[in-house]
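For reference, the structure is listed below as structure tokens.
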Amino acid sequence: MWITRGSHLLLQDPEPFDLNETLDCGQAFRWERLPDGRFQGVARGRFLVLGWRPEGLLLENTPVGDAALWVDYFDLRRAYAPLLDRFREDPVLARAIAFAPGIRVLRQDGWEALCSFIISQNNNVPRIKGIIRRLCGLLGAPAGPHGWHDFPTPQRLAASSLEELAPVRAGFRAKYLLDAARKVVSGQVDLAAIPAMETPRAQEELCKILGVGPKVAQCALLYGFGKVDCFPQDVWIKRVVARLYPQGFPPQLADCAGIAQQYLFHYARSNPHLFD
């Protein structure tokens, strides 16, 4: 339940929701943890500072009219409790959930998620964040204090050049970003149609973009378009499947494999000794 507290919004009685596990576990790259445990960042053109208080989750200086936006972004309409009960029937997932029970899979902007995971190729999280921060600062509209900017639109990015993108220091990924923007602007890739597509067809649509293969497409579909049946496999998930699921990931969980994947990814990355 949302209540107003001055210029703030307070979410009372949410399901388990750990900000650190959710905002800093490899699915989003525009959130910064503050020394007091709060987070600040920009999503969907809004700057937000949020953190836990004894009475609930406080979203600071947030208009009441934005409540639905944040409910959608943090996937708060989805009941995680019955989902986690299903996952706990699998012993590997049961351990992953016990390790980090407060993860939620975000519903980010599809365009931003697509570009973010193009940038993520052969990259590490600090560098990904740096490239995205510089890209937003160069081409994005101001979206908050302290120099925060929105993610650039496809139109603005399509109108730029490799030379203009040089300060972003994206390397070989810059040409992929330009190709993505130009294909979206031209209509060759229809992002607006993707939510209604079956997942294999949606993946084909994104793979029209230079440099986008199945893994990048599945990450964009999972984190940006709500396709929770996607099961993107980076190096960590490949290790999990090879070591802990020699018979393959449980088919009975295929409809929500992407959410399960996030628990497994965080568990594996935080416990590399599992693969010694």
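If you're wondering where the values come from, they're calculated on a predicted model, not measured in any experiment.
Counting heavy atoms from C-beta on, the side chains of L165 and L135 come closer than 4.5 Å. In this structure, the side chains of I103 and D18 stay at 4.5 Å or more apart for every pair of heavy atoms. With contacts defined as side-chain heavy-atom distances shorter than 4.5 Å, the pair Q40/W31 does not qualify. Proximity of L157 to L178: side-chain heavy atoms (C-beta onward) are separated by under 4.5 Å at one or more points. The side-chain heavy atoms of W236 and Y267, taken from C-beta on, include no pair separated by under 4.5 Å. Contact of the L76 side chain with the R104 side chain is registered, since non-hydrogen atoms from C-beta on lie closer than 4.5 Å. Residues R169 and I131 form no side-chain contact, since every pair of their non-hydrogen atoms from C-beta on lies 4.5 Å or further apart. Counting heavy atoms from C-beta outward, F231 and I237 have side chains that approach closer than 4.5 Å.
Applying the ring pair (Phe, Tyr, Trp, His ring centres under 6.0 Å) rule to Y176 yields the partners F172; only residues at least two apart in sequence or on another chain are considered.
A salt bridge does not link R30 with D109: every distance from a Lys NZ or Arg NE/NH1/NH2 to an Asp or Glu carboxylate oxygen is 4.0 Å or more. Salt-bridge check for D24 with R33: failed, with every basic side-chain N at 4.0 Å or more from each acidic carboxylate O. No salt bridge links K208 with E204; every basic N to acidic carboxylate O contact stays at or beyond 4.0 Å.
Between F17 and W52, the ring planes lie perpendicular to each other; the angle is over 60°, past the 30° to 60° tilted range.
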request  = I would like to know whether D255 and R86 meet side-chain contact (heavy atoms from CB on, under 4.5 Å); could you show each step before the answer?
outcome  = CA-CA 12 Å; D255 62 316; R86 286 179 63 192; 3.0 Å; yes
Pair T199-Q218, side-chain contact (heavy atoms from CB on, under 4.5 Å): steps then yes or no = CA-CA 9 Å; T199 297; Q218 288 177 19; over 6 Å; no
key: Derivation of the side-chain contact (heavy atoms from CB on, under 4.5 Å) call for V240 and F249   = CA-CA 10 Å; V240 167; F249 187 74; over 6 Å; no
query = Between Y223 and L106, is a side-chain contact (heavy atoms from CB on, under 4.5 Å) present by the stated rule, with each step listed?
reply = CA-CA 6 Å; Y223 302 121; L106 302 172; 6.0 Å; no
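Sorted by first and then second residue, the side-chain hydrogen bond (donor to acceptor under 3.5 Å, both in side chains) pairs with a member in residues 132-156 read R156-E164; sequence neighbours excluded.
By the rule that hydrophobic residues join a cluster once side-chain heavy atoms approach within less than 4.5 Å of another member, V49 and I3 end up as members of separate clusters. Criterion: ILVMFWY side-chain heavy atoms under 4.5 Å apart, direct or through other members. Under it, L138 and F47 are not part of a common hydrophobic cluster. Residues V235 and I119 fall within the same hydrophobic cluster, defined by Ile, Leu, Val, Met, Phe, Trp and Tyr side chains chained together at heavy-atom separations under 4.5 Å. V42 is not connected to L48 by any chain of hydrophobic side-chain contacts under 4.5 Å among Ile, Leu, Val, Met, Phe, Trp and Tyr, and they are in different clusters. No chain of hydrophobic side-chain contacts below 4.5 Å, direct or via other Ile, Leu, Val, Met, Phe, Trp or Tyr residues, connects V185 to I194.
Between the CG atom of L264 and the CZ atom of R95 there is a distance of 10.0 Å, given to the nearest 0.5 Å. The SG atom of C230 sits 11.0 Å away from the CZ atom of F225 when rounded to the nearest 0.5 Å. R173 contributes atom CZ, which lies 8.0 Å from atom CD1 of I128 (distance to the nearest 0.5 angstrom). Here the CZ atom belonging to R107 is positioned 14.5 Å from the CH2 atom belonging to W70, to the nearest 0.5 angstrom. A distance of 8.5 Å separates CD1 in I97 from CG in D90, rounded to the nearest 0.5 Å. To the nearest 0.5 angstrom, L162 atom CG is 10.0 Å from L177 atom CG.
Residues L9 and P63 come closest through the heavy atom pair CD1-O, 3.6 Å. Closest heavy-atom contact between L84 and P101: CD1-O, 4.1 Å. Heavy atoms only, all atoms of each residue included: Q203 and A217 are closest at CG-CB, 3.9 Å. Between W111 and A181, the shortest heavy-atom distance links the atoms CH2-CA, 3.5 Å. Closest of all the heavy-atom pairs between E21 and F99 is OE2-O, 4.2 Å.
For the residue pair E55 and Q12, no side-chain donor N or O sits within less than 3.5 Å of a side-chain acceptor on the partner.
The closest donor-acceptor contact from the side chain of Q262 to the backbone of I259 lies at 3.5 Å or more, if one exists at all.
The number of heavy-atom neighbours closer than 6.0 Å to CD of Q247, taken from other residues, nucleotides and ligands shown, is 12 or below.
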